[in-house]
Amino acid sequence: MDAKKVIKRDDTYVMHTYARSPIALAHGHGLQVWDANGKAYLDFTSGIGVNVLGFTDAGWVAAVTAQLNTLQHSSNLYYTAPCGKLAKKLCHRTGLDKVFFGNSGAEANEGAIKAARKYSVTTYGPRRCKVLTLCNSFHGRTLATLTATGQDAFHHDFGPFPGEFAYVPANDLAALTAALDDTVCAVMMEMVQGEGGVMALEADYAHAVAALCAEKDVLLIVDEVQTGVGRTGTFLAAQHYGLQPDIVTLAKGLGGGLPIGAVLTTNKVADTMGHGSHGSTFGGNPVICAGACAVLDKLDDAFMENVNACAHTLREGLATLPHVAAVSGLGLMVGIQLADGLQAAAVRTACEQAGLLVLTAKDRLRLLPPLCLSQAEVAQALQILGEVLAGMPVAE
Ligand SMILES: *Cc1c(COP(=O)(O)O)cnc(C)c1O
């Protein structure tokens, strides 16, 4: 494969909505991935939190291909086994009661917003439809989830936007309390803001929000599209905080690399979503659900112990590297605040040249390694990143 040809063809025919690195990835295994020129990289991105078992995990590939050779799609007019099996596993892991499957994080959040409005409007009347979200949040790119996203930068030129969304600053309880009137149906938040800079919510604030919501029967929607499926060291990030939300959304890591989104709710909410209230042609696809079941089966206690042990070593190691001002986030969702005027994008490019794939979020460097990583791979990443940082030119 010729990397230049791959890149040129894509640039000619694919819409330029992403600023891509000039790397054409060809094949991978575990945390190793090779580009079209045969250069190897250590992957600390997981395809933005997606490939939780790394590239081409044998058990996941076997589960997906077995289902692919059996029945690839049925529509939602019929039952297939993998969909129900996955829903049961998710309910057992989260304490929630019912699942709706879609194809992406944005679609899951759309479903969550619809379910919250449906419950509140049918219970309290049509005025109760407003959704509060946090400043600096990210909830997706569809029009409703873009509106829910509390960052102006994403909004320019895409209006008019759907009504009845409002934003409050994170960790400001007075602002939330003031905004929480009887037109609000839901508060939607990420426990760790991902795209917003890898910022974990303060525990006291999260508990107070949950208590206020419970008191007023305002639904708490936790967007776990990025934080869920073990990323932060517990299955849901909400479990770190001891929270039991009314609605949780999952996507990114759930399919292990295939597209899936899920809305999980309590029976109270699900009971208002009757026949015909929502749908998705591909939602609950048996091939993807079979792969997702393999992902969940892999995430047992021993696996999660390794996630937490590696997260600990990684965070301790990062704090000692040159030009690192602070390390943020939770578990294997890591933000790195750089000192001495270093630009995250420049460090990312230098890492790529040195054979390490990393991400950025706002002005931070961001790491989302596959959850199947080893201590040796943590050490290797720290070694490369340390050398890259030590060699970066420092602003005068
Ligand atoms: C990535 C992300 C989304 C959007 O997911 P898509 O699959 O890209 O639609 C929504 N919420 C959060 C927190 C995310 O990180």
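As the structure lists them, so they are numbered: ligands from 1, and atoms in each ligand from 1.
- Of all protein heavy atoms, the one closest to atom 6 (P) of ligand 1 is G105 N, 3.5 Å.
- In terms of protein heavy atoms, atom 11 (N) of ligand 1 is closest to D223 OD2, 2.8 Å.
- Under a 4.0 Å criterion applied to the non-hydrogen atoms of S104, ligand 1 contributes the atoms 7 (O), 9 (O).
- When L318, I384, L342 are each tested for a side-chain contact (heavy atoms from CB on, under 4.5 Å) with L389, only one passes: L342.
- Interface of Q226 with ligand 1, defined as ligand atoms under 4.0 Å from a residue heavy atom, comprises 15 (O).
- Listed by atom number, the atoms of ligand 1 under 4.0 Å from N109 heavy atoms are 10 (C), 11 (N).
- Ligand 1 has no nitrogen or oxygen under 3.5 angstrom from a nitrogen or oxygen of E107.
- Between H278 and F100, the ring planes lie tilted relative to each other; the angle falls in the 30° to 60° range.
- With hydrogens and angles disregarded, a donor-acceptor distance shorter than 3.5 Å links the side chain of N285 to the backbone of V287.
- In this structure, atom 8 (O) of ligand 1 is not in close contact with the protein, since no protein heavy atom lies within 4.0 Å of it.
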Check against side chain to side chain donor-acceptor pair (under 3.5 Å), K362 and Q151: CA-CA 11 Å; K362 291 253 168 101; Q151 300 189 57; 3.3 Å; yes

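- Between F235 and L296, some side-chain heavy-atom pair lies under the 4.5 Å cut-off.
- With a 4.0 Å cut-off on non-hydrogen atoms, H139 touches ligand 1 through its backbone and not its side chain.
- Ligand 1 places these atoms under 4.0 Å from at least one heavy atom of E190: 13 (C).
- Taking hydrophobic clusters as Ile, Leu, Val, Met, Phe, Trp and Tyr residues chained together by side-chain heavy-atom distances below 4.5 Å, V222 shares a cluster with V192.
- Counting heavy atoms closer than 4.0 Å to ligand 1, residue A106 contributes atoms from both its backbone and its side chain.
- Checked for salt-bridge contact, K89 and D297 meet the test: a charged N lies under 4.0 Å from a carboxylate O.
- Q32 places no side-chain N or O within 3.5 Å of a backbone atom of A40 that could act as its donor or acceptor partner.
- Looking only at protein heavy atoms, the nearest one to atom 15 (O) of ligand 1 is K252 NZ, 2.6 Å.
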